[in-house]
K.L.:
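Encoded as structure tokens, here's the structure I'll be asking about.
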Amino acid sequence: MGSVMSRYLVGIDLGTSHTVVAYVAAAGSEAVRLLEIPQLVGPGEVAPQPLLPSVRYHPAAGELDPASLALPWAGGEAGAVIGRYARDLGAQVPGRLVASAKSWLSHPGVDRSAVILPWGAPDDVAKVSPLAASASYLAHVRAAWDAQFAGHPLAEQDIVLTIPASFDEGARALTVEAARLAGLPRLRLIEEPQAAFQDWIFRHRSTLAAELASARLVLVCDVGGGTTDLTLVQVEPATDGGPPKLTRIGVGDHLMLGGDN
């Protein structure tokens with residue numbers, strides 16, 4: 001999926017609780033950095049944070065001064081607050097907080113494109129679909145990136161977006177659609193336990209053969225903000241003393257156990 005225009009490799013973890021972005025220069029650099037994501041942390045106060053809480057707050061008419069919700073870029077989410085300030089507001093008025101959109105995105109018992117969140121909120125509360133909520137977090141990330149890297153828009157970088165290993169095809173397709181709605185039509189999905197294991201491999205790359213010398217199976221347990229995912233990896237030692245061959249051989253069922261669940 002490479003592009004001659006891409007200067008960065010970008011990884012986005014669109015989590016149930018938080019969204020996190022890491023990036024590295026595409027030209028062979030090993031210096032992985034976290035994107036500090038500007039967001040409202042109070043009325044009229046914007047600050048960069050390493051985590052973007054994956055929540056939206058839908059204020060009542062006249063509840064908040066629109067001027068106090070301004071972001072460093074134009075075209076923010078109309079009628080909603082996203083991120084840390086939204087989480088703080090939602091702690092005071094839970095019925096106006098959209099949370100766990102990712103869990104709803106994988107819920108086969110609801111129409112995930114229907115305006116159902118905040119779930120159970122009164123009719124006078126503006127609602128949004130799990131799909132649109134997920135797209136709004138990614139759109140915030142895109143705007144934050146573009147403001148920091150004006151000459152290298154996020155849509156033109158090589159992007160990897162993480163998903164639970166147990167997401168079905170419907171949830172995977174909706175995740176890709178959320179990214180498209182956010183202005184990120186070109187990306188690759190990677191399962192979260194595999195991403196975690198690849199990070200471990202990277203950190204132990206100089207001692208990998210020794211680290212896994214006595215292992216034939218690796219169980220990756222990803223206890224997240226909304227779900228738990230299990231992935232089983234087979235380890236085959238190399239005969240020439242090189243790195244072992246690693247093959248994913250199993251994925252656990254989708255467990256709605258973790259974090260707020």
Side-chain angles (χ1 to χ4, degrees), residues 12-21 35-49 51-107 110-148 153-155 161 174-185 225-226 260:
I12 302 175
D13 179 5
L14 178 63
T16 305
S17 302
H18 295 91
T19 295
V20 186
V21 182
L35 179 70
E36 294 283 332
I37 304 174
Q39 57 196 279
L40 286 162
V41 297
E45 183 182 359
V46 175
Q49 302 283 310
L51 303 176
L52 176 72
S54 302
V55 294
R56 295 165 50 108
Y57 183 78
H58 295 178
E63 179 184 353
L64 302 174
D65 179 2
S68 71
L69 305 180
L71 290 166
W73 51 80
E77 183 75 13
V81 183
I82 291 174
R84 201 176 103 180
Y85 187 36
R87 184 182 62 192
D88 294 344
L89 289 167
Q92 302 171 38
V93 190
R96 292 187 172 273
L97 184 72
V98 174
S100 302
K102 181 176 177 180
S103 292
W104 287 104
L105 202 64
S106 63
H107 196 314
V110 300
D111 182 349
R112 293 164 277 187
S113 298
V115 288
I116 58 174
L117 302 178
W119 183 258
D123 292 341
D124 64 336
V125 176
K127 294 185 177 62
V128 69
S129 70
L131 174 62
S134 299
S136 70
Y137 309 143
L138 291 172
H140 187 105
V141 165
R142 179 178 60 80
W145 174 281
D146 290 353
Q148 184 170 332
L154 185 56
L161 181 64
L174 286 167
T175 302
V176 172
E177 175 63 9
R180 187 193 67 79
L181 292 172
L184 301 173
D260 58 2

K.L.:
Identify all side-chain donor-acceptor contacts of residues 63-71 below 3.5 Å with residues at least two apart in sequence or on another chain.
P.N.:
residue, atom, partner, partner atom, Å
E63, OE1, Y57, OH, 3.3
E63, OE1, A60, N, 2.7
E63, OE2, Y57, OH, 2.7
D65, OD1, A67, N, 3.1
S68, OG, D65, O, 2.6

K.L.:
Show me the side-chain donor-acceptor pairs of residues 87-99 shorter than 3.5 Å, one per line, residues at least two apart or across chains.
P.N.:
residue, atom, partner, partner atom, Å
R96, NH1, H58, O, 3.1

K.L.:
If the condition is ring-ring contact (aromatic ring centres under 6.0 Å, His included), which residues does H140 pass it with, not counting sequence neighbours?
P.N.:
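ring-ring contact (aromatic ring centres under 6.0 Å, His included) check on H140 returns W73.
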
K.L.:
Does T19 use its side chain to pair, donor to acceptor, with the backbone of S54 at less than 3.5 Å?
P.N.:
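Answer holds: no.
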
K.L.:
OH of Y137 to CD of Q39: how many Å apart, nearest 0.5 Å?
P.N.:
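Going from OH on Y137 over to CD on Q39, the span is 12.0 Å.
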
K.L.:
With sequence neighbours excluded, tell me which residues meet side chain to side chain contact (heavy atoms under 4.5 Å, CB included) with S106.
P.N.:
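Testing S106 for side chain to side chain contact (heavy atoms under 4.5 Å, CB included), a comparison that skips the adjacent residues, returns F167, A171, H254.
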
K.L.:
Return yes if some donor-acceptor pair links the side-chain N/O of R112 with the main-chain N/O of L105 below 3.5 Å, else return no.
P.N.:
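Looks like yes, one N/O pair under 3.5 Å.
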
K.L.:
With sequence neighbours excluded, what pairs up with A155 under the side chain to side chain contact (heavy atoms under 4.5 Å, CB included) test?
P.N.:
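A155 satisfies side chain to side chain contact (heavy atoms under 4.5 Å, CB included) with L184 once adjacent residues are dropped.
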
K.L.:
Not counting sequence neighbours, which residues clear salt bridge (Lys or Arg N to Asp or Glu O under 4.0 Å) with E177? List them please.
P.N.:
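By the salt bridge (Lys or Arg N to Asp or Glu O under 4.0 Å) rule, E177 matches R180.
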
K.L.:
Could you list the residues that satisfy side-chain hydrogen bond (donor to acceptor under 3.5 Å, both in side chains) with R84, not counting sequence neighbours?
P.N.:
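R84: side-chain hydrogen bond (donor to acceptor under 3.5 Å, both in side chains) contacts with Q49.
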
K.L.:
Rounded at 0.5 Å granularity, tell me how far CG in L154 sits from CG in L138.
P.N.:
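These two atoms lie 9.0 Å from each other.
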
K.L.:
Measuring from L40:CG to I82:CD1, what's the distance to the nearest 0.5 Å?
P.N.:
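So the CG of L40 and the CD1 of I82 are separated by 9.5 Å.
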
K.L.:
Please report the closest heavy-atom contact between P38 and A144, naming both atoms and the distance.
P.N.:
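P38 and A144 have their closest heavy atoms at CD-CB, 3.8 Å.
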
K.L.:
Measuring from W145:CH2 to L35:CG, what's the distance to the nearest 0.5 Å?
P.N.:
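Here the rounded value is 6.5 Å.
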
K.L.:
A139 and A182: which non-hydrogen atoms are nearest, and at how many Å?
P.N.:
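So the two residues come closest at N-CB, 3.5 Å.
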
K.L.:
I need the E36 CD to L52 CG distance, nearest 0.5 Å.
P.N.:
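It is 12.0 Å, given to the nearest 0.5 Å.
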
K.L.:
Give every residue pair that meets the side chain to side chain donor-acceptor pair (under 3.5 Å) criterion with at least one member in residues 114-135, sequence neighbours excluded.
P.N.:
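Sorted result for residues 114-135: empty, none.
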
K.L.:
Between P118 and A126, which heavy-atom pair has the shortest distance, and what is it?
P.N.:
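Taking every non-hydrogen atom into account, CD-O, 3.7 Å.
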
K.L.:
Would you check, one step at a time, whether the test side-chain contact (heavy atoms from CB on, under 4.5 Å) holds for D111 with I116?
P.N.:
CA-CA 8 Å; D111 182 349; I116 58 174; 6.0 Å; no

K.L.:
Please name all residues satisfying salt bridge (Lys or Arg N to Asp or Glu O under 4.0 Å) with D146, sequence neighbours left out, ordered by chain then number.
P.N.:
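If we apply the salt bridge (Lys or Arg N to Asp or Glu O under 4.0 Å) test to D146, skipping adjacent residues, the hits are R142.
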
